[in-house]
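Let me begin by presenting the structure, written as structure tokens, before commenting on it.
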Amino acid sequence: MYNQPMLRDDALSGKTIIVTGGGTGLGRAMSTYFLKLGANVVITSRKLDVLEKAASEMETETGGKVLPLQCDVRNPDEIDAVLKASLARFETVNGLLNNAAGNFISPTERLSANAFSTIIDIVLKGTANCTMALGKHWIKEKQPGTILNIITTYAFTGSGYVVPSACAKGGVLAMTRSLAAEWGKYGIRNNAIAPGPFPTKGAWDRLLPGDMAKKFDFKNRVPLKRVGDHQELANLAAFLMSDFSGYINGEIITIDGGEWLQGAGQFNGLEMVTPEMWDMLEQMTRSAKGS
Ligand code: HXC
Ligand code: NAP
């Protein structure tokens, strides 16, 4: 069931949603479902050829309308141009999905200052740039709006080897909660999704290059023993974008099969203990009663 569409067919009818990084991976999966639910979608990223091909395939698959626009989220002028072009094509914009990101694995001491800044600029400042552009527009026009940010579970815990990304996603988490409080009065909701492992080419090429994907098999880290399916993430994103979630504001929803808690709980590693070993351990712990 989790890989099936969940919402009613008109859940996003009449809405226009801008999706950064909407031409690939999870951004494309979420955009495709938004289209199926009646939304118009503006997909943006740096590679116009990728966007145009994706837009044409997505229109064929869903019958919806997709506007592909080149935009580097690090450049506020390009974001303003996206807003202008979106309004010219669809008249209003109702939602923003901050999905674009950059990442790679590296020991932190090997990073140059520019490597660190590049990730912060794309993930934290890029999200802020898009959020500010849409927020200012909605406040000026006295329109409600919905912002959904894609973070990660290591925004809560931190993680070695992806430190710039962890810092940036942690910042986006803080932005989500801060603006939920500040902009609620304008009818602008801010929420975030923290996905666990959902295989995509973009993430796997940069985080699990070569045969690392086999050696570091994510599903073994997840209590449910599987990775995420793109549709189940799309179901959650569509719900949070829709008016059905109209009272949810400032929430971070984790969708990771329990992965981060598995890593966090002090005794979770005892999963490796066999029933025979448990028999022995039980005897030992019971006999410790008198000591
Ligand atoms: C060390 C690196 C590096 C690496 C780049 N740099 N790759 N340093 N190890 N593997 C350094 C460069 O040398 C340079 O520093 C600086 O970073 C900027 O690199 P550029 O290639 O000039 O940057 P740019 O063209 O802007 O590309 C950005 C990028 C790239 C982030 C480096 O990977 C990219 O375009 N990524 C977009 C897609 C992506 O990352 N998707 C995955 C999201 S997954 P110097 O000092 O040499 O100038 C994700 C999920 C996490 O976030 C959770 C999964 C479970
Ligand atoms: P992806 O396909 O590589 O998506 C990243 C997208 O961001 C690409 O479309 C890329 O397009 C765009 N992008 C990168 N830099 C940009 C920039 N400067 N300006 C505009 N767009 C830019 O990887 P993904 O796995 O689908 O990731 C999508 C989101 O999910 C990210 O926020 C990621 O952190 C998050 N996430 C993923 C996972 C997972 O397991 N896959 C887990 C947790 C969180 P261009 O290269 O054309 O610019």
Side-chain angles (χ1 to χ4, degrees), residues 18-32 43-54 68-76 78-79 82 97-127 129-130 148-157 159 161-170 172-173 192-210 212-213 216-219 221-222 227-230 232-234 236-237 252-257 259-260 263:
I18 297 176
V19 182
T20 66
T24 66
L26 303 182
R28 178 169 171 167
M30 291 184 277
S31 299
T32 301
I43 57 173
T44 72
S45 79
R46 295 165 300 175
K47 300 190 194 95
L48 188 60
D49 54 336
V50 172
L51 292 169
E52 283 176 338
K53 184 168 180 290
L69 295 173
Q70 186 165 29
C71 170
D72 189 323
V73 290
R74 291 171 284 194
N75 186 335
E78 292 180 25
I79 297 165
V82 164
L97 175 55
N98 282 309
N99 165 79
N103 202 357
F104 51 77
I105 45 166
S106 175
T108 308
E109 67 275 17
R110 291 172 63 123
L111 295 175
S112 68
N114 187 41
F116 207 106
S117 301
T118 299
I119 303 305
I120 302 288
D121 285 349
I122 299 171
V123 178
L124 178 55
K125 291 171 75 179
T127 300
N129 290 337
C130 296
L148 179 59
N149 299 319
I150 304 299
I151 60 167
T152 61
T153 53
Y154 58 63
F156 321 139
T157 60
S159 174
Y161 305 99
V162 284
V163 170
S165 172
C167 295
K169 295 285 193 183
V172 176
L173 188 160
I193 297 177
F198 283 74
T200 63
K201 184 168 170 20
W204 261 231
D205 280 358
R206 290 172 180 91
L207 302 173
L208 298 170
M212 261 187 81
F216 191 75
D217 191 347
F218 266 116
K219 73 176 182 313
R221 292 177 41 80
V222 179
V227 291
D229 184 274
H230 289 196
E232 61 193 328
L233 178 69
L236 177 59
I252 316 295
I253 300 186
T254 300
I255 178 166
D256 75 339
E259 186 203 20
W260 85 265

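Just so it is clear, the model here is predicted, and its values are computed rather than measured. Each ligand, and each atom within it, is numbered from 1 in the order the structure gives.
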What I want to know is whether T44 and ligand 2 share at least one N or O pair that is separated by under 3.5 angstrom.
no

Which atoms from ligand 2 have a heavy atom of K47 less than 4.0 Å away?
45 (P), 46 (O), 47 (O)

Which residue holds the protein heavy atom closest to atom 26 (O) of ligand 2, what is that atom called, and what is the gap in Å?
L26 N, 2.8 Å

Does the protein put a heavy atom under 4.0 Å from atom 44 (S) of ligand 1?
yes

Should you measure from each heavy atom of K169, which atoms of ligand 2 turn up under 4.0 Å away?
31 (C), 32 (O), 33 (C), 34 (O)

Check each atom of ligand 2 against the heavy atoms of P197 and keep those under 4.0 Å away; list them by number with element.
40 (O)

Closer than 4.0 Å and a protein heavy atom, does any atom meet both conditions relative to atom 22 (O) of ligand 1?
no

Contact with ligand 2 for I150, non-hydrogen, under 4.0 angstrom
yes

protein heavy-atom neighbour closest to atom 54 (C) of ligand 1 works out as L207 CD1, 3.5 Å

Near G25, which atoms of ligand 2 are under 4.0 Å from a heavy atom of that residue?
2 (O), 26 (O)

Closest protein heavy atom to atom 1 (P) of ligand 2, given as residue, atom name and distance to 0.1 Å:
T24 OG1, 3.6 Å

Closest protein heavy atom to atom 49 (C) of ligand 1, given as residue, atom name and distance to 0.1 Å
N103 ND2, 3.4 Å

Considering only heavy atoms from C-beta outward, does the side chain of R28 approach that of T24 to under 4.5 Å?
no

Short list, please: which atoms of ligand 2 are under 4.0 Å from a heavy atom of G21?
6 (C), 7 (O), 9 (O), 12 (C)

of all protein heavy atoms, closest to atom 18 (C) of ligand 1 is T118 OG1, 3.3 Å

Is a donor on one side and an acceptor on the other found under 3.5 Å between the side chain of D256 and the backbone of P195?
no

Using a 3.5 Å distance criterion without hydrogens, assess whether the side chain of K169 forms a donor-acceptor pair with backbone atoms of F156.
no

Judged by non-hydrogen atoms, does D72 sit under 4.0 Å from ligand 2?
yes

Polar contact flag for T152 and ligand 2 (N/O pairs, less than 3.5 Å):
no

Backbone or side chain, does any N or O of R206 fall under 3.5 Å from an N or O of ligand 2?
no

Please check whether R74 reaches ligand 1 - meaning an N/O of the residue sits under 3.5 Å from an N/O of the ligand, judged on distance alone.
yes

Quick note on ligand 2: atoms under 4.0 Å from a heavy atom of R74 include exactly 18 (N)

Just need the protein heavy atom nearest to atom 3 (O) of ligand 2, so name the residue and atom and give the distance.
G202 CA, 3.3 Å

Nearest to atom 48 (O) of ligand 1, what protein heavy atom do you find, and at what distance?
N114 ND2, 2.8 Å

Return the closest protein heavy atom for atom 12 (C) of ligand 1 as residue, atom name and distance.
A115 CB, 4.8 Å

Side chains of E78 and D72 in contact at under 4.5 Å (non-hydrogen atoms)
yes

Tell me the protein heavy atom at minimum distance from atom 23 (O) of ligand 2, and give that distance in Å.
T200 OG1, 3.7 Å

So which of S112, S165, S159 gets nearest to atom 15 (O) of ligand 1, if we judge by its closest heavy atom?
S112

For C71, counting its heavy atoms only, list the atoms of ligand 2 lying under 4.0 Å from any of them.
19 (N), 20 (C)

Just to confirm my output: which protein heavy-atom neighbour is closest to atom 36 (N) of ligand 1, and how far is it?
R206 NE, 3.3 Å

When distances are taken from atom 22 (C) of ligand 2, the protein heavy atom at minimum range is A100 CB, 3.7 Å

Check for me whether Y154 has a heavy atom closer than 4.0 Å to any atom of ligand 1.
yes

Do protein heavy atoms approach atom 5 (C) of ligand 1 to less than 4.0 Å?
yes

Subset of ligand 1 atoms that lie under 4.0 Å from at least one heavy atom of I119
31 (C)

Which protein heavy atom lies closest to atom 55 (C) of ligand 1, and at what distance to 0.1 Å?
F218 CZ, 4.0 Å

Which residue owns the protein heavy atom closest to atom 1 (C) of ligand 1, what's the atom, and how far is it?
F104 CE1, 3.5 Å

Examine the proximity of ligand 1 to R46 and report which part, side chain or backbone, both or neither, has a heavy atom under 4.0 Å away.
side chain

With no hydrogens and no angle check, is any side-chain donor or acceptor of T20 less than 3.5 Å from a backbone partner on N99?
yes

So do the side chains of L148 and M30 get within less than 4.5 Å of each other, counting heavy atoms only?
no

Would you please determine whether W204 falls within less than 4.0 Å of ligand 2 on a heavy-atom basis?
yes

Beyond-backbone contact of V172 with N98, side-chain heavy atoms, under 4.5 angstrom
no

Please determine if F198 has a nitrogen or oxygen closer than 3.5 Å to a nitrogen or oxygen of ligand 2.
yes

Side chain proximity check, F116 to V163, heavy atoms < 4.5 angstrom
yes

Does some side-chain heavy atom of F104 sit less than 4.5 Å from a side-chain heavy atom of L111?
yes

S106 N/O to ligand 1 N/O under 3.5 Å
no

Measure from the side-chain N and O atoms of N149 to the backbone N and O of A192, and report whether any donor-acceptor pair falls under 3.5 Å.
no

Looking at R46, K125, Q70, K201, the heavy atom closest to atom 48 (O) of ligand 2 belongs to R46

Sub-4.0 Å atoms of ligand 2 with respect to non-hydrogen atoms of S45:
11 (O), 20 (C), 21 (N), 45 (P), 47 (O), 48 (O)

What residue and atom, counting heavy atoms only, is the protein's closest point to atom 44 (C) of ligand 2, and at what distance?
I151 O, 3.2 Å

Which residue and non-hydrogen atom of the protein lie closest to atom 43 (C) of ligand 2, and at what distance in Å?
P195 O, 3.4 Å

When the ring centroid of F218 is compared with that of F216, is the distance short of 6.0 Å?
yes

Can an N or O of G102 be found at a distance shorter than 3.5 Å from an N or O of ligand 2?
no

Run the contact test for G228 against ligand 2 with a 4.0 Å cut-off on heavy atoms, strictly below, and give the result.
no

Would you indicate which of A101, P107, G202 comes nearest to atom 37 (C) of ligand 1 when only heavy atoms are counted?
A101

Can you tell me if H230 uses its side chain to pair, donor with acceptor, with the backbone of G27 under 3.5 Å?
no

for atom 19 (N) of ligand 2, nearest protein heavy atom and its distance come out as V73 N, 3.0 Å

Can you confirm whether some protein heavy atom lies under 4.0 Å from atom 34 (C) of ligand 1, or whether none does?
yes

